[in-house]
Structure formats: C-alpha cells, structure tokens
Amino acid sequence: TAYALIAYMTAYLKAHYPVAFMAALLSSDISGRNFKRKDSVVEHMEDCKRMGITVLPPDVNRSDAEFSVDEQGNICFALSAIKGCGGAASRAIAEERRRNGLYTSLFDFCERLDPGTVGRAAIETLVKAGAFDSLGRNRARQFAAIDRALQSGASAAADRRCGQLGLFGDDDAP
C-alpha cells in the first residue's frame, strides 16, 4: 500500500508539474554520477527531451548548484553536475552571483570568488563545459586567459585580506 501511494504521488507530480519534477529528479541523481558509463542524469535528460522540456546548458550567470527552473519554464543545468566542479565551488558561484549580481567576465568571476573554493581545475572545467559562453568570448580565448584571470583574482583576494581599496573604489566612501 505504501509503495502504491508513493507511485501515485510521483505520477501526480510528474503529470501536473513536469518541469519542477524533472529538475528535482535530476538534482537527486547528481551525487551518484558515474562518468564511465551512461548514468541516470543522462537518462533523465533524455526523458526531458521526450517530454518537450528544454534543459539549458550550464551558465555561471544562470545555473545554480542544483538543477533549477527558470522564469520561462526551462531547466537550468546544475553546476555541481559538471565533472570537476564540486558542490562547494558551485554553491559559492551561485551565492556570490545572488549577492553581487551577474558576472561580467572571466576576470570579474575570478576576482569575486575565493581561489581556495573555486580553483583552477573548476574554472577550466567550467570553461570547457561552456559555462562562460554567455560572457561573449569564445572558449579558446577564455581558456587562454585563465592564468591572467587567476592572477588578477589572487591579487584582489590579497587586497581584500589587507583591507586595500582600489584608487577609485567607492565601497566605503561616505
């Protein structure tokens, strides 16, 4: 009886709230990803396609750590579902974007995030996955700029640690 009740509730949610249901289903399978064979996330994305639900590619200015639904009823790909970009880095990216607005460039991204949380490997993975495509530059140029962006980010982090403001910084101006 209990199994029948759960099956009924699941079927109801899938029939009446298909986009939210599929986003939750995709998010529930992130931790069990297996990158050596076809995993359940890929199968669920194929189900979304059959159901006519659009799954948008990863984007640092749109995606959260988990799969989410945007205003147009599309599913935004989860940053933590990308191999090499862990949960802590994904949460830090989404939280910084919520607090201080959209990222404007790879340099802005590196300057705003702690390099200990979002490191080189995560940034390289995000560039390869196309998560920076909305910022306007092609992936090869973004990948080539990672070293300079990380240096800029490390410099900004050092300035924040010692309380240094930029010459024209208005953050604490009266």
Side-chain angles (χ1 to χ4, degrees), residues 19-20 22-45 48 53-72 74-164 166 171:
V19 178
M22 292 307 292
L25 188 62
L26 285 161
S27 292
S28 70
D29 288 335
I30 291 174
S31 61
R33 296 245 18 217
N34 182 344
F35 295 99
K36 295 185 182 4
R37 61 175 174 77
K38 186 175 180 181
D39 63 2
S40 56
V41 171
V42 174
E43 291 174 8
H44 295 319
M45 288 182 64
C48 287
I53 299 170
T54 304
V55 179
L56 300 172
D59 186 344
V60 293
N61 281 330
R62 181 179 54 230
S63 300
D64 289 323
E66 306 271 322
F67 286 89
S68 59
V69 180
D70 70 2
E71 300 83 31
Q72 289 80 29
N74 301 316
I75 296 176
C76 299
F77 199 87
L79 295 175
S80 61
I82 300 170
K83 182 179 181 179
C85 183
S90 301
R91 286 187 294 277
I93 292 165
E95 182 60 33
E96 173 62 27
R97 184 186 66 232
R98 275 191 279 285
R99 270 192 311 225
N100 297 313
L102 299 178
Y103 300 105
T104 58
S105 68
L106 179 62
F107 286 85
D108 178 48
F109 179 86
C110 290
E111 289 170 3
R112 288 169 52 182
L113 293 165
D114 178 27
T117 306
V118 183
R120 171 185 294 282
I123 295 170
E124 287 176 353
T125 300
L126 289 169
V127 169
K128 289 177 185 176
F132 289 98
D133 287 357
S134 66
L135 301 180
R137 300 179 92 184
N138 67 29
R139 292 182 195 177
R141 290 181 69 184
Q142 289 172 346
F143 200 81
I146 289 176
D147 286 330
R148 291 189 326 257
L150 285 170
Q151 289 172 351
S152 177
S155 175
D159 288 347
R160 280 192 303 269
R161 277 194 301 274
C162 69
Q164 180 75 30
D171 294 337

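All values reported here derive from a predicted model rather than from experimental measurement.
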How many angstroms lie between [atom1] in [X] and [atom2] in [Y], if you round to the nearest 0.5 Å?
| X | Y | atom1 | atom2 | answer |
| --- | --- | --- | --- | --- |
| Ile146 | Arg141 | CD1 | CZ | 14.0 Å |
| Arg120 | Glu124 | CZ | CD | 5.5 Å |
| Cys110 | Arg148 | SG | CZ | 11.0 Å |
| Leu135 | Gln142 | CG | CD | 6.5 Å |
| Ser40 | Ile30 | OG | CD1 | 10.0 Å |
| Ser63 | Ile82 | OG | CD1 | 7.0 Å |

Shortest non-hydrogen contact from [X] to [Y]?
| X | Y | answer |
| --- | --- | --- |
| Ala129 | Pro58 | O-CG, 3.7 Å |
| Leu106 | Ile123 | CD1-CG2, 4.0 Å |
| Phe77 | Met45 | CE1-SD, 3.6 Å |
| Ala88 | Thr117 | O-CG2, 3.8 Å |
| Phe67 | Ala78 | N-CB, 3.3 Å |
| Cys85 | Ser90 | SG-OG, 3.6 Å |

When you check the gap from the basic side-chain N to the acidic O, do Asp64 and Arg98 get nearer than 4.0 Å?
-> yes
What do the steps show when you test Leu26 against Cys48 for side-chain contact (heavy atoms from CB on, under 4.5 Å), and what is the final call?
-> CA-CA 10 Å; Leu26 285 161; Cys48 287; 4.2 Å; yes
By side chain to side chain donor-acceptor pair (under 3.5 Å), Asn138 pairs with (sequence neighbours left out) none
May I ask you to check whether over 12 heavy atoms, not counting those of Arg139, lie within 6.0 Å of atom CZ?
-> yes
Would you say [X]'s side chain and [Y]'s backbone share a donor-acceptor pair under 3.5 angstrom?
| X | Y | answer |
| --- | --- | --- |
| Tyr103 | Glu96 | no |
| Thr125 | Ala121 | yes |
| Ser155 | Gln151 | no |

So do [Y] and [X] actually touch side chain to side chain, heavy atoms under 4.5 Å?
| X | Y | result |
| --- | --- | --- |
| Ile93 | Phe109 | yes |
| Pro57 | Arg62 | yes |
| Leu79 | Arg91 | no |

